[in-house]
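What follows is a short report on a single structure.
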Amino acid sequence: MSINTISKETEIRLLNFFSDRILPEEMAKTLRQINFTLALGIMSEHETLQNEIAKLRDGLYWLNELAETLNPYLDLE
């Protein structure tokens with residue numbers, strides 16, 4: 001198992017993200033909800049996805065925010 005280190009800048013962005021945007025516990029809950037919902041949707045031919053659209057929308061928003069915090073891409077011009 002290799003251990004990757006993150007840059008100081010990324011560490012600061014992560015700390016700010018979890019301090020200012022969403023609590024780590026809420027982020028973990030969101031990740032688990034998305035994983036659960038997507039797995040159920042795939043297994044039941046996407047029927048569940050229609051019932052969980054709001055959770056998916058919120059979860060995908062936070063996943064994108066975390067991705068942008070870790071490695072800004074969309075903000076670059």
Side-chain angles (χ1 to χ4, degrees):
M1 179 173 119
S2 68
I3 298 174
N4 295 324
T5 57
I6 59 175
S7 70
K8 194 65 176 170
E9 181 181 339
T10 300
E11 183 180 347
I12 290 168
R13 288 193 310 257
L14 275 172
L15 288 171
N16 288 338
F17 179 78
F18 287 118
S19 295
D20 300 338
R21 306 295 304 275
I22 187 171
L23 294 172
E25 296 82 6
E26 284 296 313
M27 186 66 188
K29 180 180 176 182
T30 297
L31 292 170
R32 289 183 188 102
Q33 285 176 331
I34 286 180
N35 186 36
F36 175 76
T37 302
L38 289 174
L40 277 180
I42 290 167
M43 289 187 295
S44 63
E45 299 178 10
H46 309 289
E47 183 179 307
T48 303
L49 292 177
Q50 295 304 314
N51 299 329
E52 302 293 336
I53 289 288
K55 286 182 187 173
L56 282 171
R57 183 177 49 241
D58 292 343
L60 291 172
Y61 171 81
W62 286 116
L63 287 174
N64 186 65
E65 287 294 304
L66 178 58
E68 286 299 303
T69 298
L70 294 171
N71 183 14
Y73 176 76
L74 296 175
D75 292 337
L76 298 178
E77 295 182 24

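Between the CG atom of Asp20 and the CZ atom of Arg13 there is a distance of 14.0 Å, given to the nearest 0.5 Å. Summarising the geometry, atom CD belonging to Glu26 is positioned 8.0 Å from atom CD belonging to Gln33; distances are rounded to the nearest 0.5 Å.
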* Output, in order, the C-alpha distance, side-chain angles, deciding distance and verdict of side chain to side chain contact (heavy atoms under 4.5 Å, CB included) for Glu9 and Leu14. => CA-CA 9 Å; Glu9 181 181 339; Leu14 275 172; over 6 Å; no

* To do: Go through Thr30 and Asp58 one step at a time and tell me if the side chain to side chain contact (heavy atoms under 4.5 Å, CB included) criterion holds.
  => CA-CA 8 Å; Thr30 297; Asp58 292 343; 5.8 Å; no

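With hydrophobic clusters built from ILVMFWY side chains whose heavy atoms lie under 4.5 angstrom apart, Leu15 does not share a cluster with Ile6. If you chain together hydrophobic residues whose side chains sit under 4.5 Å apart, Ile12 and Phe17 never meet in one group.
Salt-bridge check for Glu25 with Lys29: failed, with every basic side-chain N at 4.0 Å or more from each acidic carboxylate O.
Ile34 places none of its side-chain heavy atoms less than 4.5 Å from the side chain of Leu31. Using a 4.5 Å cut-off on side-chain heavy atoms (C-beta onward), Thr69 and Thr10 make no contact. Between Trp62 and Ile22 there is a side-chain heavy-atom pair separated by less than 4.5 Å. Annotation: side chain of Lys8 is in contact with side chain of Glu11 (closest heavy-atom distance under 4.5 Å).
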